[in-house]
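Structure first, commentary second.
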Amino acid sequence: MPTSLFTPAFTDPAQARAFIEQFHAELPGTGDPAARVHEVLDEIERTGSYRHTPEELAFGARVAWRNSARCIGRLYWRSLVVRDLREVSSADELAEECFEHLRTATNGGRIRPVISVFAPDRPGRPAPRILNSQLVRYAGYPDGSGGWTGDPAGGQLAARAADLGWKPGEGRFDVLPLLVQERPGERPQWFELPDDTTLEVPLSHPDHAWFAELGLRWYAVPAISDQTLEIGGIRYPAAPFNGWYMGTEIGARNLADADRYDLLAEVAGRLRLDTSHDRTLWKDRALVELNRAVLHSYQEAGVTMSDHHTESERFLKHVAQERRLGRQTPADWSWIVPPVSGGVTPVFHRYYDPVDPELRPAFLAREPW
Ligand code: ARG
């Protein structure tokens, strides 16, 4: 095995100190950080890294959410359920715990925000990686003439999984297997998701019976699995986390984007809209009906989902609450403003504290091995 591919960095003592000080400053009753800082710096000197206490880990994960400039759903950052799975580093066990994550997060439809934190990178001992971008995602299969069956965003992983021996389906909504790589350069292992981990919602429309015939569906839990959680200089590359969906993510992006399911023309056709010219706003009208269908269907199925009006108000409440606590809320306007009806939501009409790429704890794009 070529170990030279990846040598995890040693933990930066300055990052460690800053985090421990933040932990003690923000949490009442934790007292003077001096003793713990001393202990941590000593551990880094001896071992090249250190171990978070369970409380530090939970706090760090929650603050990483609070710091996520692209997330509109941050009002509930304190409620994140943190699963401490740092002892887990084998592919089998990791897959099993990802399945358990989905069951806990799904909670029969009452979605709970959850993060599962697996083994961190240690000096000379890189942590395992989850290769999927989300724990649940649909496969995409190119049709050879530029079109796709399924989700083009799941094209690469489907091909990779097939190379490893996964038998691809031929459907538009085939749930991808979980791909886990234990060590750099090692062959990833794949695991089919058990049925009881992937609650899905068939899509129907409150006014149009034909909508159900389109055979559309989406999954209940968006669980990001390709971001590294970094806390106090320690990197946790396998730390899948989820919230609940905001309807527009599905209705205005996943099902509508030209490079995703690209369904606007089909929906417009069924609605008998005049598609002869952009000025008829057929795309806009189809988009609204698609979004109504998504919100209606999740509601009918008893699966937590918010709409962009409600989530926008919650976000501004979060910004105000943070401000009262003397904290900024860095936010990326282009991600916060919803992809439909921006101007009729309050988040459109203002700017936000600047995004600082150095802010920690944070979720970071996963670096390659
Ligand atoms: N936009 C992504 C998707 O449609 C999910 C991103 C996270 N979303 C969330 N509500 N936590 O699958």
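Order of appearance sets the numbers: ligands from 1, and atoms from 1 within every ligand. Everything numeric in this text was worked out from a predicted model, so none of it was measured. Numbering starts at 1 and runs along the sequence shown.
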- Leu179: hydrophobic cluster co-members (side-chain, 4.5 Å):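 Once heavy-atom contacts under 4.5 Å are chained together, Leu179 belongs with Leu131, Tyr141, Leu157, Leu164, Trp166, Leu176, Trp190.
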
- Message: My understanding is that a hydrophobic cluster links ILVMFWY residues whose side chain heavy atoms are under 4.5 Å apart, including indirect links. Using that, what else belongs to the cluster containing Val114?
- Response: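 Besides Val114, the cluster holds Val81.
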
- Note: Arg129-Asp121 ion pair, threshold 4.0 Å (strictly below):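 The answer is yes: the pair qualifies as a salt bridge.
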
- Query: Is Arg51 salt-bridged to Glu87, cutoff N-O under 4.0 Å?
  - Reply: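 Glu87 and Arg51: salt-bridged.
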
- Who's touching ligand 1 if we go heavy atoms under 4.0 Å?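 Answer by chain and number: Gln134, Tyr219, Pro222, Ile224, Gly243, Trp244, Tyr245, Glu249, Asn254.
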
- Message: Taking ring-ring contact (aromatic ring centres under 6.0 Å, His included) as the definition, give me every residue that meets it alongside Phe118, ordered by chain and number, with sequence neighbours left out.
- Response: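 Phe118 satisfies ring-ring contact (aromatic ring centres under 6.0 Å, His included) with no other residue.
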
- Task: Starting at OG1 of Thr275, measure out to NZ of Lys283 and round the result to the nearest 0.5 Å.
- Result: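 Those atoms lie 10.5 Å apart.
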
